[in-house]
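Order of the sequence lines sets the chain letters (A, B, ...), proteins ahead of strands, with each chain counted from 1. FYI, side chains are in, hydrogens and waters are out, and symmetry mates aren't considered; it's all heavy atoms of this structure.
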Amino acid sequence: KQEVTQIPAALSVPEGENLVLNCSFTDSAIYNLQWFRQDPGKGLTSLLLIQSSQREQTSGRLNASLDKSSGRSTLYIAASQPGDSATYLCAVRPRDNFNKFYFGSGTKLNVKP
Amino acid sequence: NAGVMQNPRHLVRRRGQEARLRCSPMKGHSHVYWYRQLPEEGLKFMVYLQKENIIDESGMPKERFSAEFPKEGPSILRIQQVVRGDSAAYFCASSPPDWRTGELFFGEGSRLTVL
């Protein structure tokens with residue numbers, strides 16, 4: 001069974017810092033991996049989707065990488081802003097059970113002004 | 001193009017009552033997923049449906065919970081005889097027909113509180 005882990009569980013940084021959020025998964029046989037952002041009391045907003053054949057995806061100040069063989073993905077946030085404060089979740093879609101996405105528990109990010 | 005629409009956003013029920021949560025997928029999406037998020041926990045898969053078919057309900061509790069996605073109208077997650085442990089946020093997501101590579105889009109969630 002696929003297990004997804006996100007470290008750290010919480011992170012507090014001053015505004016302007018570049019930061020990296022980590023996501024690891026136990027089974028490398030995946031179709032894709034998706035990063036989401038969740039604000040308190042809100043739904044999930046899709047940030048980046050990386051297909052299994054891709055190494056990275058970029059959107060604005062966000063860059064997500066995927067190393068399938070080692071079961072890892074990172075979300076890089078450049079020049080962080082207070083508005084980036086939220087919980088960041090990663091989810092993987094396994095090949096042997098493609099009906100499901102498996103989620104990590106998230107990293108709660110606080111960017112201090 | 002409207003996103004995934006869920007209602008109600010908040011629902012309060014007393015123990016033993018029924019809860020009905022509705023989800024309309026994004027336009028053009030025929031795949032619907034329901035996930036549950038307990039306080040301070042990650043999202044757990046409940047059920048995956050296509051129009052008029054339950055494809056995978058392996059994450060659904062065996063009793064009291066049911067889901068449907070009729071030919072016309074929204075998908076419904078129904079919880080009968082609710083208990084306090086059912087209090088959670090229930091999220092619906094949809095994806096386009098290309099299920100292998102399709103991106104998941106989530107609604108704002110329905111937050112159920114059982115008194």
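When all heavy atoms of B:Phe106 and A:Leu44 are compared, the pair lying nearest together is CB-O, 3.6 Å. When all heavy atoms of B:Arg9 and A:Gly41 are compared, the pair lying nearest together is NH2-O, 3.7 Å. Closest non-hydrogen pair, B:Tyr33 versus A:Arg93, comes out as OH-NH2, 2.7 Å. Taking every heavy atom of both residues into account, A:Lys42 and B:Glu108 meet most closely at CD-OE1, 3.4 Å.
Going from atom CD of B:Glu103 over to atom CD of A:Gln51 covers 9.0 Å, rounded to the nearest 0.5 Å. The CZ atom of A:Phe103 sits 11.5 Å away from atom CZ of B:Phe45, with the distance rounded to the nearest 0.5 Å.
A:Asp39 meets the side-chain hydrogen bond (donor to acceptor under 3.5 Å, both in side chains) test with A:Arg37; sequence neighbours excluded. Scored by the side-chain hydrogen bond (donor to acceptor under 3.5 Å, both in side chains) test, A:Ser70 finds A:Asp67 as partners (sequence neighbours excluded).
For the pair A:Gln34 (side chain) and B:Leu104 (backbone), a donor-acceptor distance under 3.5 Å is present. In this structure, the side chain of B:Tyr35 engages the main chain of A:Phe101 through a donor-acceptor pair within 3.5 Å.
Linking Ile, Leu, Val, Met, Phe, Trp and Tyr whenever their side-chain heavy atoms come within less than 4.5 Å puts A:Ile30 and A:Leu48 in one cluster. Linking Ile, Leu, Val, Met, Phe, Trp and Tyr whenever their side-chain heavy atoms come within less than 4.5 Å puts B:Phe91 and A:Leu89 in one cluster. Cluster annotation: A:Leu62 is not connected to A:Phe36 through the hydrophobic network of ILVMFWY side chains, with a link wherever side-chain heavy atoms come within less than 4.5 Å. Hydrophobic clustering (ILVMFWY, side-chain heavy atoms < 4.5 Å, transitive): A:Leu66 and A:Tyr102 are in one cluster. Following chains of ILVMFWY side-chain contacts shorter than 4.5 Å, one cannot reach B:Leu11 starting from B:Ile76, and the two form parts of different hydrophobic clusters.
Surrounding CD of B:Glu63 are at most 12 heavy atoms belonging to other residues, nucleotides or ligands under 6.0 Å away. Summarising the local packing, CZ of A:Arg72 is surrounded by 12 or fewer heavy atoms from other residues, nucleotides or ligands at distances under 6.0 Å. Counting heavy atoms of neighbouring residues, nucleotides and ligands inside a 6.0 Å radius, atom CD of B:Gln80 exceeds 12 of them. Other residues, nucleotides and ligands place more than 12 heavy atoms under 6.0 Å from the CE atom of B:Met60. The environment of A:Glu3 atom CD is sparse: at most 12 non-hydrogen atoms of other residues, nucleotides or ligands sit within 6.0 angstrom. Counting non-hydrogen atoms of other residues, nucleotides and ligands closer than 6.0 Å to CZ of B:Arg15 gives a total of 12 or fewer.
Using a 4.5 Å cut-off between heavy atoms, B:Gln37 contacts chain A through its side chain alone, with no backbone atom that close. When heavy atoms are compared at a cutoff of 4.5 Å, A:Gln6 does not approach chain B at all.
Note on A:Gly43, A:Ser46, A:Ser52: by heavy-atom pairs under 4.5 Å with chain B, the leading option is A:Gly43.
Residues from residues 104-113 of chain A that place a non-hydrogen atom less than 4.5 Å from a non-hydrogen atom of chain B comprise A:Gly104, A:Ser105, given in numerical order. Along residues 74-84 of chain A, no residue comes nearer than 4.5 angstrom to chain B, judged on non-hydrogen atoms.
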